[in-house]
Every structure is written in structure tokens, then in C-alpha cells.
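Chain letters run A, B, ... following the sequence lines, proteins first and then strands; every chain starts at 1.
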2 protein chains.
Amino acid sequence: MARSATTMRADILDSAVRLFAAHGFRGTSLQDIATDAGCSKASLLYHFTNKDAILTELLAPVGPEFAALEGRLAGLDGEEAARAAVAGLVDLSLRFRLQVKILLQDVDALINRPELPDVDGLTERLTDALSGRSAAPQARVWAWMAMLGIILTSAGELTLPEETLRAELSRGALRTLGLQTD
Amino acid sequence: MARSATTMRADILDSAVRLFAAHGFRGTSLQDIATDAGCSKASLLYHFTNKDAILTELLAPVGPEFAALEGRLAGLDGEEAARAAVAGLVDLSLRFRLQVKILLQDVDALINRPELPDVDGLTERLTDALSGRSAAPQARVWAWMAMLGIILTSAGELTLPEETLRAELSRGALRTLGLQTD
DNA sequence: ACCCTAGCTGACCGATCGGCCAGCATTTGA
DNA sequence: TCAAATGCTGGCCGATCGGTCAGCTAGGGT
């Protein structure tokens, strides 16, 4: 027994999340993950029932976090809700950069997974919060959520310190949404 | 001879651009394209040397258009350049929605193709145009270019009339870049 | 009438994919 | 000490991938 089951699973997930983010889910083979994790392909399938289960598990922590954010937003209204949503989503996206990238790459195939947050619900809540501010709040919400996702995935090109990135993302989001920034 | 060579090539490209945009380059097989185009897989490879050649050809019109835009921007400075870039990129992205979606889905694998525009050059030019306006203009440029791309690909969710979309995209971009909007 | 050629196809190929399984090696508990 | 359980692996399977090829069919030029 080289590594404990817990360690092995963690190593596999670490390799998988990096490779999925770099080359996409379809573009990463089980052999790629195995090589990166330093074990055999068969060993992967001993610890995980199949390739999909690996994806499910590494996305698992994302869902509850988004749900919690949505719960927090439920008690707020209008501009207050929008500002809280911006702060929350920027924070979550920074903490789950690789997962966000994976989601965006195969968004059409992954969007309806049960373990993922209800993006439609979040979008709707944001749209409601901003209603009356524009003829097309829907477009703005989509716009900055998209911006948020992609910019976080440009890790290679964007070599900004995390604090600068966080500030710029929040400012850009608030501006896009038509809210005043300090 | 069922269809002329010209018609057949056009039909194949039409099927391919839609399927690549919907399911990604890797997620679309030659058989998928053939079925959609109403011919055999072997017929595809009679008209195109390989799968990659199909992608190359349907992306071909994008490169020169972006190069032309970059040329136009070369004669401008500062805010004027930024506003022209916004208008130009919004226009191009609206005209090449499917191609932009394909590019964004496999951006890491496709970014360095010779037939594609020099995105780095464009980004650099925009960054120059905005220098002095922010501590991190690079982040803003990336942000709204990303936003622009993704928002255009959300065709299913976003059912806004093109004029509204164009106006919202331009306004959002200008705001993100820190420029005033009427 | 003829043939030549352009358009097209089914059958097939090697490579690679996700996944399965019999069995080996190491640790653990009685 | 020894058997059971756990971690792990090489080898194999069927499916599917992109791509090749010999050959069929239908017009068009002479």
C-alpha cells in the first residue's frame, strides 16, 4: 500500500482538477490523470467508479457554497443585493478558479448537473435586484458573470496580485451593473 | 453528382460551425457533421483534407477582419482608440457569434493558430490606450473582452433583440473600461 | 455511342478512449 | 503465523475516433 486511500484520492483529484482546467474534461484522458498522479489508470478506477465520478467529486464543494451565497442574498433587496452578490461571487470565483474554468469550458454539457449551483436561479435573483435600472438588466448580469469567469481562468496571461485582481473584478462588475464605485 | 462541390463545401461548413459551437471541436465527430450535412463521413474528407482543415476554413474570415480593425486602431490614441476598439469588437463579435464561441471553448488549444487574429497584439494595444487610467488596465481589457465573448455565446439564454444587445454590450464595455457613457 | 472525370460511398485501418477483471503485493488483525 | 482485506497493476475488451482506399454512379464533352 503506497499511499493511504484518502491521500490517493486527494492526489487524483488534485491532478484531475488541474488537467481538466488546462485541457477540458473531454480533452483529458484517464491515462493523463494517472500519469500526473503517479499511478496506473486502473488505480484511478479503483478509487473512483468512473471518470464522471472524479468530475462530480471535484465540483462537489462548489454547489453548497453558491447555495449559501444565494441564501444570503435572499434577505437583501435592490442595490444592496447586487453589491453583496458581486462581493460574494468574486470571492467564490477566486477560491474556485480551476473549477470555474472547468465549468465554463464545457458549460453546455455541465450546466444541468445536480451537484452544481442553480445558475439560472442566481441570475434571476440578480436580474430582479437590478430591475428598473435598465431596459436589459439580464444582459448586464450575464455580462459580468461571464467576465468574472473568464478573467479568472486567464491565469497564464494575467499575472496580477490577487488583491489587485479582486479589486478590479469588483469594480468592473459594479460598473457593468451600473452601480457607483468609490 | 448530387450537389456541386461549392454547395457541398458550404453545407459542410454550415453544419460544422453550428456543431462546433454547440458541442466544441473535440466534442463533434466527423460522423456528426456528415449526418447533419446529409452525406457520408468519407464525403467530408473528399472535400476537406481532414477535420482540422474544416475548422481552419470556417475560422478563416475572422482573422483578416480583426487585422483590419487593429489597423484602424493603429491611427488612434487614448480614449478615442478605446471607444473605436469597443465599437469594432462588438460589431465583429456580433457578426461572428458562432466562431467566437468556438474560439472561447477551446481557447487554449486554438489561440496560437496562424489564421487567427493576434489577440495578444490587440490586448496590448488596448492596454496602451488605457494606460494611466488604472493600476491594472490589463485586467479591465481582458475582463470586457471575455465578457463580450461569452455573452454573445449565450444565445439560448439571452433572447434580446440584436440592437438592444449591441447597445448593452457597448455600454457595459465602456463602463468596465472606465469610460463615460451618454 | 463512348469514356473520362467529378462526386460520393461502404468497408476497413490503427490509435485511443473509458472501463473491467484476475491476480499480485503489502499490511493488518486474530 | 497465517488468512483476510486493502491497494494496486498489466492486460484485455468493445466502442469510437480520424483517416484511407478501391470502386461505384452519374453527367458532360467528343
Would you list the protein and nucleotides 15-19 of chain D atom pairs, both N or O, that sit under 3.5 Å from each other?
from, atom 1, to, atom 2, distance (Å)
D:dG18, OP1, B:Lys51, NZ, 2.7
D:dG18, OP2, B:Leu30, N, 3.0
D:dG18, N7, B:Lys41, NZ, 3.4
D:dG19, OP2, B:Lys51, N, 2.7
D:dG19, O6, B:Lys41, NZ, 2.6

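Between A:His47 and D:dC8 there is a side-chain polar atom (N or O) within less than 4.0 angstrom of OP1 or OP2. A sub-4.0 Å separation between OP1 or OP2 of C:dT9 and a side-chain N or O of B:Ser43 is present.
Contact between A:Arg166 and A:Val90 at its shortest, heavy atoms only, is CG-CG1, 3.9 Å. Here the closest heavy-atom approach between residue A:Ile54 and residue A:Ala16 is recorded as CG2-CB, 3.6 Å. Taking each heavy atom of A:Phe25 and A:Lys51 in turn, the nearest pair found is O-NZ, 2.9 Å.
Summarising the geometry, the separation between CZ on A:Arg9 and P on D:dT6 is reported as 15 Å, rounded to the nearest angstrom. Here the C1' atom of nucleotide D:dT20 and the CG atom of B:Leu44 are 14 Å apart, to the nearest Å. Distance A:Ile33 CD1 to C:dC17 P: 11 Å, rounded to the nearest Å. Taking atom OH of A:Tyr46 as the reference point, atom P of D:dG11 lies 21 Å away to the nearest angstrom. Taking atom CD1 of residue B:Ile12 and atom P of nucleotide C:dG7, one finds them 11 Å apart after rounding to whole Å.
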Full working for side chain to side chain contact (heavy atoms under 4.5 Å, CB included) between A:Val62 and A:Glu65: CA-CA 5 Å; A:Val62 181; A:Glu65 294 268 4; 5.8 Å; no
Chi angles and distances behind the side chain to side chain contact (heavy atoms under 4.5 Å, CB included) call for B:Ile102, B:Leu55: CA-CA 9 Å; B:Ile102 293 169; B:Leu55 179 64; 4.0 Å; yes
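Remark: the backbone N or O of B:Ser29 is not paired with any side-chain donor or acceptor of B:Lys41 at under 3.5 angstrom.
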